[in-house]
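Structure, as structure tokens:
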Amino acid sequence: MSVLGPAVADVTIGRSAWGLVLAAQTVGMVVGGVVALRLRVRRLLLLGVVCMVAESLLLLALALTPTLVALLAAALVVGIAVEQFAVAWDTSIARHVPADRLARVYSYDMLGSFVAIPLGQVAVGPAAALVGTRDTLLILAALVVLSVLGMVSSRAVRRLEASTPGA
């Protein structure tokens with residue numbers, strides 16, 4: 001998003017409008033946080049993982065209909081969904097990882113996340129140059145969906161209950 005989003009915006013909606021799209025995603029995250037405060041589900045991690053399929057919406061909108069209205073709507077939904085995942089993930093870790101291992105688990109989690117970001121940013125430019133921006137965005141959307149399907153296929157993800165410690 002941080003590499004191809006501005007590139008698509010340059011030839012479609014403009015950089016200022018791209019700033020509005022990013023702001024819509026942030027508003028979605030705030031809305032998602034408020035929703036998460038009220039949400040009570042039995043399988044919180046499963047809900048969060050399923051919500052991540054929404055990540056493909058902004059990629060699809062950039063690839064297929066890069067209009068301001070489509071991008072704003074997709075960004076808002078993505079923001080809400082990403083926040084659901086973030087709350088579900090952090091809550092699941094905090095509730096199900098023993099306290100004496102929690103710092104180590106969070107460290108590995110952050111390391112894996114932060115290493116992947118620059119690798120993706122470095123790879124996406126050459127990929128777009130090779131197969132085209134539109135096709136790269138479509139491939140990335142498909143990878144998001146496949147990743148979510150992979151996570152949902154895990155029995156541990158599907159069955160982990162959002163119980164309170166000691167319950």
Side-chain angles (χ1 to χ4, degrees), residues 1-6 18-63 70-124 127 136-167:
M1 293 304 307
S2 62
V3 175
L4 296 182
W18 181 246
L20 292 174
V21 171
L22 296 177
Q25 186 172 2
T26 302
V27 168
M29 291 172 142
V30 172
V31 170
V34 171
V35 169
L37 284 171
R38 305 259 183 224
L39 202 57
R40 301 289 179 256
V41 296
R42 189 167 159 207
R43 301 204 193 300
L44 184 61
L45 184 59
L46 178 60
L47 173 69
V49 166
V50 169
C51 282
M52 287 307 292
V53 83
E55 277 277 2
S56 66
L57 297 178
L58 194 49
L59 295 165
L60 290 170
L62 278 168
L71 292 171
L72 286 172
L76 183 69
V77 170
V78 167
I80 293 168
V82 165
E83 194 62 23
Q84 296 313 302
F85 174 77
V87 169
W89 181 255
D90 288 339
T91 300
S92 296
I93 289 175
R95 287 186 175 170
H96 296 284
V97 173
D100 64 328
R101 295 188 182 127
L102 196 54
R104 188 173 305 130
V105 169
Y106 271 125
S107 295
Y108 284 124
D109 178 37
M110 290 295 106
L111 177 65
S113 297
F114 291 135
V115 166
I117 292 168
L119 293 176
Q121 290 174 337
V122 166
V124 76
T136 300
L137 288 165
L138 292 173
I139 290 166
L140 292 172
L143 286 173
V144 166
V145 172
L146 289 173
S147 296
V148 169
L149 290 173
M151 289 185 286
V152 169
S153 73
S154 167
R155 187 173 188 215
V157 169
R158 288 192 319 272
R159 295 191 138 204
L160 186 69
E161 294 197 20
S163 61
T164 55

When the side chains of residues 25-41 are checked against the rest of the protein, which donor-acceptor pairs come out under 3.5 Å, sequence neighbours left out?
unit_1: Thr26; atom_1: OG1; unit_2: Leu22; atom_2: O; d: 3.1
unit_1: Arg40; atom_1: NH1; unit_2: Leu37; atom_2: O; d: 3.3
unit_1: Arg40; atom_1: NH2; unit_2: Leu37; atom_2: O; d: 3.4

Next on the checklist: Suppose we screen for side chain to side chain contact (heavy atoms under 4.5 Å, CB included). Which residues come up paired with Val115, at least two apart in sequence or across chains?
Outcome noted: Leu111, Leu119
Item to check | Contacts of Ser147 that satisfy side chain to side chain contact (heavy atoms under 4.5 Å, CB included) - sequence neighbours left out | outcome: none
Checklist entry - Taking atom CG of Leu160 and atom CG of Leu46, what is their separation to the nearest 0.5 Å? => result 9.5 Å
Checklist entry - Rounded to the nearest 0.5 Å, how far apart are CZ of Phe85 and CG of Leu47? => result 11.0 Å
Next on the checklist: Less than 4.5 Å apart, side chain to side chain, heavy atoms only: is that true for Leu59 and Met1?
Outcome noted: yes
Checklist entry - Which pair of non-hydrogen atoms, one from Ala70 and one from Ala61, has the smallest distance, and what is that distance? => result O-CB, 4.2 Å
Checklist outcome for this item: Heavy atoms of Gly5 and Leu62 approach each other most closely as CA-CD1, 4.0 Å
Checklist entry - Do you know which two heavy atoms are closest between Leu102 and Ala94, and how far apart they sit? => result CD1-CA, 4.2 Å
Checklist entry - Out of curiosity, Leu76 CG to Leu71 CG, how far, rounded to the nearest 0.5 Å? => result 12.5 Å
Checklist entry - With sequence neighbours left out, what residues match Met151 under side chain to side chain contact (heavy atoms under 4.5 Å, CB included)? => result Val49, Val148
Checklist entry - What are the two closest non-hydrogen atoms of Leu58 and Ala75, and how far apart are they? => result CD1-N, 4.0 Å
Next on the checklist: Could you measure the distance from the OG atom of Ser154 to the CG atom of Leu149? Nearest 0.5 Å is fine.
Outcome noted: 13.0 Å
Residues 136-146 side chain polar contacts: donor-acceptor under 3.5 Å, at least two apart:
unit_1: Thr136; atom_1: OG1; unit_2: Ala127; atom_2: O; d: 3.3
unit_1: Thr136; atom_1: OG1; unit_2: Ala128; atom_2: N; d: 3.4
unit_1: Thr136; atom_1: OG1; unit_2: Gly132; atom_2: O; d: 2.7

Checklist entry - Is it true that a side-chain atom of Arg42 and a backbone atom of Glu161 form a donor plus acceptor pair closer than 3.5 Å? => result no
Checklist entry - Any idea which heavy atoms bring Ala88 and Gly48 closest together, and the distance? => result CB-CA, 3.9 Å
Checklist entry - Going by the side-chain hydrogen bond (donor to acceptor under 3.5 Å, both in side chains) test, which pairs reach into residues 101-116, not counting sequence neighbours? => result Trp89-Asp109
Next on the checklist: Run the side chain to side chain contact (heavy atoms under 4.5 Å, CB included) test against Ala73 and tell me which residues pass, sequence neighbours left out.
Outcome noted: none
